[in-house]
2 protein chains.
Amino acid sequence: MALAPPSGSFDLDSQTLRVVAAVAEYGSITRAATVLGYSQPAVSQQLKRVEARLGMPIVTRSGRGIRLTDAGEVLARHADAVLTALDAAAGELADLAGLRSGRVRLAAFPSASSTIVPRLIGALAAEHSGVQVTYLEAEPPEAVAGVRDGVSDLAVAFRHPADRHDPFDASAEGLTVHELARDDVLLLAPAGHPAASAGDPVDLAELRGENWIAGCPRCRGHLLDSCARAGFAPSIAFETDNFVAVMSMVAAGLGVALLPELAISASALPPGVTAHRTRAGDHRMLVAVTRPGADHIPAVAETLRLLTGLTAGGASARTGRAAQ
Amino acid sequence: MALAPPSGSFDLDSQTLRVVAAVAEYGSITRAATVLGYSQPAVSQQLKRVEARLGMPIVTRSGRGIRLTDAGEVLARHADAVLTALDAAAGELADLAGLRSGRVRLAAFPSASSTIVPRLIGALAAEHSGVQVTYLEAEPPEAVAGVRDGVSDLAVAFRHPADRHDPFDASAEGLTVHELARDDVLLLAPAGHPAASAGDPVDLAELRGENWIAGCPRCRGHLLDSCARAGFAPSIAFETDNFVAVMSMVAAGLGVALLPELAISASALPPGVTAHRTRAGDHRMLVAVTRPGADHIPAVAETLRLLTGLTAGGASARTGRAAQ
DNA sequence: CGCATCCATAACGTTACGTGATGGATGCCA
DNA sequence: TGGCATCCATCACGTAACGTTATGGATGCG
């Protein structure tokens with residue numbers, strides 16, 4: 001038997017239920033409209049549309065007032081369940097936005113692991129205990145790749161602005177890069193070294209004859225680049241990606257080295273070693289990398305904000321200066 | 001601490017959840033769009049709008065594919081609950097539309113109580129056992145008032161089309177009147193009465209000298225009206241609203257009477273009484289009265305449909321003819 | 001018998017939300 | 001390693017939904 005209306009699948013929506021529930025509760029279109037923050041005709045027309053869509057009346061107009069039909073009562077009865085479920089979802093979203101929940105997956109390069117990262121995670125935990133933080137130590141290329149692949153949400157990395165061969169920009173292609181702070185690259189020399197005692201900004205050119213101690217492969221690349229800009233090719237005697245070892249070697253008088261201030265601040269500058277800025281102003285920029293748009297995810301945005309604050313005034317501002 | 005977006009009350013709606021749930025399930029905007037029956041840009045823009053409204057991303061675009069953010073996963077996780085609740089409501093509405101539930105509150109005048117109404121209720125029960133039916137016997141004015149007041153959904157009543165003083169039309173003002181069937185008003189006379197034996201359509205004018213037996217007040221009004229149109233004022237000897245009593249009086253030779261065929265068919269025509277159509281074609285119209293729009297309520301609409309079928313071909317078609 | 005209340009309707013502007021067309025980025029595969 | 005297919009974003013555009021204010025009719029009340 002076919003009834004007049006199609007009677008097919010009604011596409012109920014929550015707005016409908018909100019309106020019907022209000023009308024049912026207050027027994028009046030006008031009052032429901034007021035409570036919902038609408039004008040009276042808005043609710044009146046809304047009901048009409050729903051009735052047209054459903055093919056059956058929801059309310060019967062009975063002179064001054066109205067009365068719900070069977071269908072109207074069905075809707076009103078179910079409204080609570082639906083709206084409660086919706087509210088639960090909205091509440092959880094509000095938690096996210098309010099950082100009472102959420103998740104950040106961090107990645108950072110090694111010398112940040114013992115400097116910036118602990119402070120960052122500490123600040124996050126202190127201000128937003130509901131936010132889950134995970135951390136992965138990784139060299140910039142891997143950290144950035146992790147962001148790109150969705151394995152991490154935020155990578156702390158660095159780039160050498162003066163170095164046109166720096167592979168960072170290429171690796172971060174298509175991602176969002178937030179500049180955090182300048183991290184000076186300092187010359188480490190044995191105390192009493194002639195070039196060092198000449199004055200604080202040292203000129204690398206005067207050290208062309210020294211033995212050089214290189215760090216990790218990428219640091220080595222930067223060393224070559226800096227010396228090239230100073231007009232010479234360094235003689236590299238030792239290589240190690242262990243910063244502490246580099247400093248120990250300098251202390252032992254085996255040569256001089258370039259190290260970022262942040263790396264130096266990770267441990268104490270050994271006795272017998274002095275650190276000096278270079279006249280060329282060698283430095284790297286600390287950056288945070290996210291997927292485009294991810295910097296609007298509340299937990300990520302807040303992490304970025306804290307990170308910016310922690311690095312304001314220099315990469316190692318709160319750790320104490322390392323340059324003498 | 002204030003986060004960038006207002007972070008106020010999000011007004012989630014079910015459509016949002018439907019889209020997010022589909023995207024979450026299929027892991028692709030394009031496939032979600034296909035499944036939902038939309039074009040790909042529709043879903044893409046929908047997501048964008050929701051993100052703008054929420055102030056945070058729902059998906060991260062990761063090259064070819066996409067990935068849900070925390071917020072997206074929250075939405076997807078809650079979507080089931082909300083949509084299930086919505087489906088429950090929609091299902092119950094479908095039951096109503098399909099008449100697997102619903103309610104009709106009937107009212108009808110006395111002589112319908114023993115004729116049309118039992119058959120109607122029986123048919124409803126047989127075809128739609130889920131529909132609840134209540135019945136109230138009431139004279140047309142009260143029955144119609146009950147509809148107007150929302151006490152009844154459908155009143156079976158009648159009106160006398162030829163009678164300009166019939167109060168029915170006034171009482172049904174503003175309600176919806178559905179014509180059901182013609183119900184002839186017959187002259188009852190003792191068997192062998194001269195006027196009756198003259199031929200079947202009798203002329204009321206020939207009965208101007210008879211004693212008349214009137215029925216209920218409204219029937220009495222109709223009697224006066226019919227006789228007036230026949231050119232005389234009847235001499236009313238007896239009055240009773242009991243149809244059986246009227247017939248018995250006619251059988252006893254106390255006078256003649258006008259009774260609707262339906263009333264006659266409610267009980268058997270007593271021996272010694274004959275029924276005859278009038279030359280003027282006296283009749284009343286059986287009608288069903290509902291609130292405007294209520295005739296689209298599935299249960300009411302179906303009742304009306306059955307009622308129309310039951311009365312097709314005359315008010316007492318299936319009860320057997322009463323006129324000789 | 002006004003008066004206040006409540007709902008329906010009309011007229012209108014804005015926004016939401018579709019569609020189709022198009023282009024860029026990405027992964028796959030020969 | 002170039003097509004090639006796939007997936008998403010964006011643009012331009014039309015329609016329908018949905019809100020508003022203004023207005024009118026019906027009803028119940030003092």
Side-chain angles (χ1 to χ4, degrees), chain A residues 11-16 18-20 22-24 26-54 57-69 72 145 148-150 170 172-176 291-293, chain B residues 11-20 22-24 26-54 57-69 72 145 147-150 170-176 291-294:
Chain A
D11 48 332
L12 280 182
D13 67 311
S14 49
Q15 187 59 16
T16 296
R18 247 182 257 280
V19 168
V20 173
V23 169
Y26 297 102
S28 143
I29 290 181
T30 300
R31 279 216 279 165
T34 303
V35 170
L36 293 173
Y38 291 135
S39 63
Q40 169 263 315
V43 173
S44 191
Q45 293 174 104
Q46 175 92 14
L47 283 177
K48 197 168 199 176
R49 277 190 294 265
V50 173
E51 291 181 334
R53 192 165 40 186
L54 261 52
I58 289 177
V59 300
T60 61
R61 282 71 173 178
S62 157
R64 191 180 67 133
I66 55 168
R67 179 191 313 269
L68 288 184
T69 64
R148 184 188 306 284
D149 298 345
E173 176 77 29
L175 299 176
T176 301
R291 281 182 297 283
Chain B
D11 48 333
L12 280 183
D13 67 310
S14 48
Q15 187 59 16
T16 296
L17 291 183
R18 245 182 260 278
V19 168
V20 174
V23 170
Y26 298 102
S28 142
I29 291 182
T30 299
R31 279 216 280 166
T34 303
V35 171
L36 293 173
Y38 290 136
S39 64
Q40 171 263 316
V43 173
S44 191
Q45 293 175 105
Q46 174 92 15
L47 283 178
K48 195 167 201 177
R49 277 190 294 265
V50 172
E51 290 180 335
R53 192 165 40 187
L54 260 51
I58 290 178
V59 300
T60 62
R61 283 71 173 176
S62 157
R64 190 179 69 133
I66 55 168
R67 179 190 314 272
L68 289 185
T69 64
V147 168
R148 184 188 307 280
D149 298 345
S171 78
E173 176 77 29
L175 299 177
T176 302
R291 281 183 296 284

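Each chain gets a letter, A, B and so on, in the order its sequence line appears, and its residues count up from 1.
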Between the protein and nucleotides 16-19 of chain D, which nitrogen or oxygen pairs come in under 3.5 angstrom?
{"from": "D:dC18", "atom 1": "OP2", "to": "A:R49", "atom 2": "NE", "distance (Å)": "2.9"}
{"from": "D:dG19", "atom 1": "OP2", "to": "A:Q46", "atom 2": "OE1", "distance (Å)": "3.3"}
{"from": "D:dG19", "atom 1": "OP2", "to": "A:R49", "atom 2": "NH2", "distance (Å)": "3.4"}

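- Annotation for B:Q40 and B:T30: closest pair CG-OG1, 3.7 Å, computed over non-hydrogen atoms.
- Side-chain N/O atoms of B:K48 include one lying less than 4.0 angstrom from OP1 or OP2 on D:dT10.
- Shortest non-hydrogen contact noted between B:S39 and B:A33 is O-CB, 3.4 Å.
- Each of A:Q40 and B:S44 was matched to the nucleotide of DNA chain D holding its nearest heavy atom; the match closer to the 5' end belongs to B:S44.
- With rounding to whole Å, B:E51 atom CD is found 13 Å from D:dC8 atom C1'.
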Practice task
Starting from the C-alpha separation in whole Å, work towards a yes-or-no answer on side chain to side chain contact (heavy atoms under 4.5 Å, CB included) for B:T16 and B:Q46.
Solution key: CA-CA 8 Å; B:T16 296; B:Q46 174 92 15; 4.2 Å; yes
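- In terms of heavy-atom proximity, B:D13 sits nearest to A:S14 at CA-OG, 3.3 Å.
- A donor-acceptor pair is defined here as one N or O able to donate and one able to accept, closer than 3.5 Å; such a pair exists between the side chain of B:R148 and the backbone of B:E173.
- A:A24 and A:L68 make their closest contact through CB-CD1, 3.3 Å (heavy atoms, listed as atom of the first residue, atom of the second, distance).
- The nearest pair of heavy atoms linking B:Y26 to B:R31 is O-NH2, 3.6 Å.
- Side-chain contact check for A:V59 versus A:E51: some heavy-atom pair is nearer than 4.5 Å.
- Listed in residue order, the members of residues 27-36 of chain A having a heavy atom less than 4.0 Å from DNA chain C are A:S28, A:I29, A:T30.
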